[in-house]
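The structure appears below as structure tokens.
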Amino acid sequence: MNMRESTPVESLVSGTLAGMGAYRCEHCGYVVSLETGDLLPPCPGCAGERFVRASLFSAQMTQEQISASAAGSDERDEHTAILVSAAPQLEEPGQYLVFRDGQQAKVVPLVREWTRVGRSLAADVRFDDPTVSRRHALIVRQADGVRVLDDRSLNGIFVNGDRVEWRVLSDGDEIVVGRYRLHFVDVDPESAGTAHGGRSGTALQARG
């Protein structure tokens, strides 16, 4: 008898201390990758609590498929709501990252050439969450534009639903880091202080 074939697949629940590897939600298929022994979070895709182990290859494929379908009405509504909430903090010209921190909109001005996003204590934008790698993403500001780069993360980065190694950012772009959604806002000097923080107002109208 083949013991491997007869052995049932172990099911894990959120909150379980799990080792390094990939874990697939039994309900929606979302894959979470952990880089060290850490607690499994609720599923970022559906809030489910039951997981099975998955390969890193299947993790990448499933994440790409799920992220490609993340442009539904709920996501657009969330995008609009968070930018409207952050509008009072977007009156000065410049580039910003906007994301939800609990029930509030968090605004991070991009003032350095390099802004580090990750779980490390040294990150400029820090998310203490197992879906985020210690070194997850870099935001680079240069004369020819602003770019986001994957900093060798396990779960990858997604811009507007596409998994990318790097991407030049435009006003209104959404960056997914683990289970967090960050919105890039570029306020130009001519429209600073107008509704919704300048050019992001145009993006809001277009997406609304």
Side-chain angles (χ1 to χ4, degrees), residues 41 44-45 67 70-151 153 155-164 166-208:
S67 294
S73 60
D74 289 344
E75 286 76 11
R76 289 196 296 271
D77 290 345
E78 170 67 12
H79 178 94
T80 300
I82 192 170
L83 289 183
V84 169
S85 177
Q89 304 177 63
L90 299 172
E91 296 185 349
E92 296 295 326
Q95 291 92 29
Y96 302 85
L97 290 179
V98 180
F99 57 92
R100 190 168 296 285
D101 184 10
Q103 298 301 313
Q104 298 182 337
K106 176 87 171 183
V107 176
V108 178
L110 299 175
V111 295
R112 302 178 181 176
E113 182 178 2
W114 297 83
T115 299
R116 295 167 292 182
V117 180
R119 189 153 53 101
S120 168
L121 292 174
D124 302 299
V125 180
R126 182 173 182 263
F127 298 112
D128 187 12
D129 188 278
T131 64
V132 179
S133 297
R134 286 176 172 80
R135 297 174 56 180
H136 202 113
L138 289 170
I139 309 294
V140 184
R141 295 175 67 244
Q142 295 179 327
D144 59 347
V146 180
R147 294 172 173 80
V148 60
L149 288 75
D150 188 341
D151 195 13
S153 68
N155 284 322
I157 60 172
F158 298 81
V159 176
N160 300 332
D162 297 326
R163 184 165 183 162
V164 300
W166 67 274
R167 176 72 61 85
V168 176
L169 296 174
S170 299
D171 181 56
D173 282 349
E174 179 187 75
I175 309 162
V176 174
V177 173
R179 67 184 183 91
Y180 294 90
R181 298 178 182 274
L182 297 84
H183 308 273
F184 176 70
V185 178
D186 188 356
V187 182
D188 63 34
E190 293 184 0
S191 57
T194 61
H196 305 311
R199 283 195 294 166
S200 60
T202 303
L204 283 173
Q205 294 172 8
R207 293 170 184 256

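Side-chain atoms are counted along with the backbone in the values below, which use heavy atoms only and exclude waters and symmetry mates. Heads up: numbering here begins at 1 and tracks the sequence.
Listed by chain and residue number, L90, V98, A105, V107 satisfy the side chain to side chain contact (heavy atoms under 4.5 Å, CB included) test with A86 (two or more places apart in sequence, or in another chain). By the side chain to side chain contact (heavy atoms under 4.5 Å, CB included) test, V111 pairs with P109, sequence neighbours left out. Checked against side-chain hydrogen bond (donor to acceptor under 3.5 Å, both in side chains), D129 has the following partners two or more places apart in sequence or in another chain: T131, R179. Residues passing the side-chain hydrogen bond (donor to acceptor under 3.5 Å, both in side chains) test with S133, sequence neighbours excluded: none. Residues forming a ring pair (Phe, Tyr, Trp, His ring centres under 6.0 Å) with Y180 (at least two apart in sequence, or on another chain): F127. The salt bridge (charged side-chain N to carboxylate O under 4.0 Å, His left out) check on R135 picks up D151, with sequence neighbours excluded. Qualifying side chain to side chain contact (heavy atoms under 4.5 Å, CB included) partners for T115, counting only residues two or more places apart in sequence or in other chains: L110, D124, V125, I139. Residues satisfying the side-chain hydrogen bond (donor to acceptor under 3.5 Å, both in side chains) criterion with R126, sequence neighbours excluded, are absent altogether. Under the rule for a side chain to side chain contact (heavy atoms under 4.5 Å, CB included), the partners of R167 that lie at least two apart in sequence or sit in another chain are V148, V159, D162, V164. Not counting sequence neighbours, the partners of D144 by the side-chain hydrogen bond (donor to acceptor under 3.5 Å, both in side chains) test are R147.
Listed for the R116 side chain is no donor-acceptor partner under 3.5 Å among the backbone atoms of L138.
Within the structure, every pair that satisfies the salt bridge (Lys or Arg N to Asp or Glu O under 4.0 Å) test and touches residues 96-107, not counting sequence neighbours, is listed here: E78-R100.
Using a 4.0 Å cut-off between charged side-chain N and carboxylate O, R181 and E174 make a salt bridge.
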